[in-house]
Amino acid sequence: MNNQSVSAQRDLTMKLPIYLDYSATCPVDPRVAKKMAEQLTMEGNFGNPASRSHLFGWKAEEAVEDARRNLAELVNADPREIVWTSGATESDNLAIKGAAHFYQGKGKHIITSKIEHKAVLDTCRQLEREGFEVTYLNPREDGIVYPEQVQEAMRDDTIVVSLMHVNNEIGVINDIAAIGEICRARKVIFHVDAAQSAGRLPIDLAETKVDLMSFSAHKMYGPKGIGALYVRRKPRVRLEAQMHGGGHERGMRSGTLATHQIVGMGEAARIVKEEMAAESKRIEALRDRFWDQIKDMEEVHVNGSWEQRVPGILNVSFAFVEGESLIMSLKDLAISSGSACTSASLEPSYVLRALGVNDELAHSSLRFSFGRFTTEHEVDTAAAEVRKAVEKLRELSPLWDMYKDGIDLNTIEWAAH
Ligand SMILES: Cc1ncc(COP(=O)(O)O)c(C=O)c1O
Ligand code: FES
């Protein structure tokens, strides 16, 4: 089934909300699902890829290695540099803890940023408890962590720098090539979380001086629960394993390989490599189409650099409207106020706060993310619904009335309570 027929079929059966949360996760591409299903049964590659004594094992191993080649080709790496994991969370843990533990004899200082995914931030917190020191860089107002900031934070005992390629809440892109040069010159290991960029931006690891890179299949239309870590061979990067057992994945990550998941990720990578250029253009056009329909509203702001961003993510603040109320009144849209992992919290986003967005505005922000199966019709419907909901909530807002009456809200002394 092609993309258009998937969308058409969904239109017919739909009472489902319009899905605009592709940064949280993507549906599995039907081509990927088909290939995965074929692996599971007696006729497929159900064997254990580690079994060396019979055909079932050999076939499963071949399927795993095909997938490894496909993922490696997506980022121009050597297949021997790809280690399968359960997702980007595990890859981040393995990269940062693995490198910190292996290289701690050289120093105990790590550099990261305040707007990393929790998988990186919590890993760094854990390392702090173990006696490592971590510098959390603040991005500039545009959401970018600049190479000079990394340069300035470097110390003689710095062993690891971990920065994301694309931020999952605001879609802003960091210049990993320039940061890689700085790290390489000082022989500091550079880890990049590419969960949001792989398959959305071209990545060339033969050219870019990244030592470790995390990937997640479910952000590229593959299944959840599978990911990979790129571990550079030249110059060789060493890691202390975090999972011990049968010595799979050259000792870096033990555990029977999940053949069907791995085949799914490989197929997802193969498809996205072929379709990325056209897909990015299409998604950018959808994003612009959406933004064109809401940008003339008053007090509507895009968070993060407009120029340096992936096409699929748009984080917008609607001043004088409370984000949770807005989501509640947009029941026909599947959107979020920030990342999926923190969507249960009513705290304003730590990412937006780090950009200097004030609490009220951070509270009134929504993330729209567009993807492979998004249609123009969905975008038009979503934009109309957003306009309607924002206007209605503002009608009910005393603060909006005051703003419209020209009262400067910053000068008001609110009663303490
Ligand atoms: C930037 C980033 N890193 C890591 C993850 C976690 O990936 P996974 O769900 O594969 O563990 C995500 C997913 O939300 C992400 O956006
Ligand atoms: S799924 Fe993206 S933040 Fe957790």
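Counting begins at 1 with the first residue of the sequence. Note: hydrogens, waters and symmetry copies are ignored here, and every other heavy atom, side chains too, is used. This structure is a prediction, so every number in the text was calculated from the model and none was measured. Each ligand, and each atom within it, is numbered from 1 in the order the structure gives.
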Q. How does K224 reach ligand 1, by side chain, by backbone, by both or by neither, if only non-hydrogen atoms under 4.0 Å count?
A. neither
Q) For ligand 1, which part of N168 has a heavy atom less than 4.0 Å away: the side chain, the backbone, both, or neither? A) side chain
(Q) Within the structure, is a non-hydrogen atom of E116 found at a distance of less than 4.0 Å from ligand 1? (A) no
Q: Report, in ascending order of atom number, the atoms of ligand 1 lying under 4.0 Å from any heavy atom of H218.
A: 8 (P), 9 (O), 10 (O)
Q) Please walk me through it: do V172 and D142 pass side-chain contact (heavy atoms from CB on, under 4.5 Å)? A) CA-CA 8 Å; V172 164; D142 55 11; 5.9 Å; no
Q. Which atoms of ligand 1 are found less than 4.0 Å from any heavy atom of M164?
A. 1 (C)
**Q.** K219: numbered ligand 1 atoms lying under 4.0 Å from its heavy atoms
**A.** 12 (C), 13 (C), 14 (O), 16 (O)
**Q.** Any N or O of T89 closer than 3.5 Å to N or O of ligand 1
**A.** yes
Q: Looking only at distances, please establish whether an N/O atom of ligand 1 is found under 3.5 Å from an N/O atom of A88.
A: yes
**Q.** Aromatic plane relationship, Y221 with F373 - under 30° parallel, 30 to 60° tilted, over 60° perpendicular
**A.** perpendicular
Q. Is NZ or CZ of K187 both nearer than 6.0 Å to the six-membered ring centre of Y103 and within 45° of the ring axis?
A. no
Q. In terms of the angle between their ring planes, are F370 and F368 parallel, tilted or perpendicular, with boundaries placed at 30° and 60°?
A. parallel
**Q.** E90, any N or O under 3.5 Å of ligand 1 N or O
**A.** no
(Q) Can you tell me how far apart CG (D380) and CD1 (I18) are? Round to the nearest 0.5 Å. (A) 9.5 Å
Q.
Check this for me - ligand 1, S23, N or O atoms closer than 3.5 angstrom, yes or no?
A. no
Q. Is the closest basic N to carboxylate O distance between E284 and R287 below 4.0 Å?
A. yes
Q: Locate the shortest heavy-atom distance separating A362 from P348; write the atom from each residue and the value.
A: CB-CB, 3.7 Å
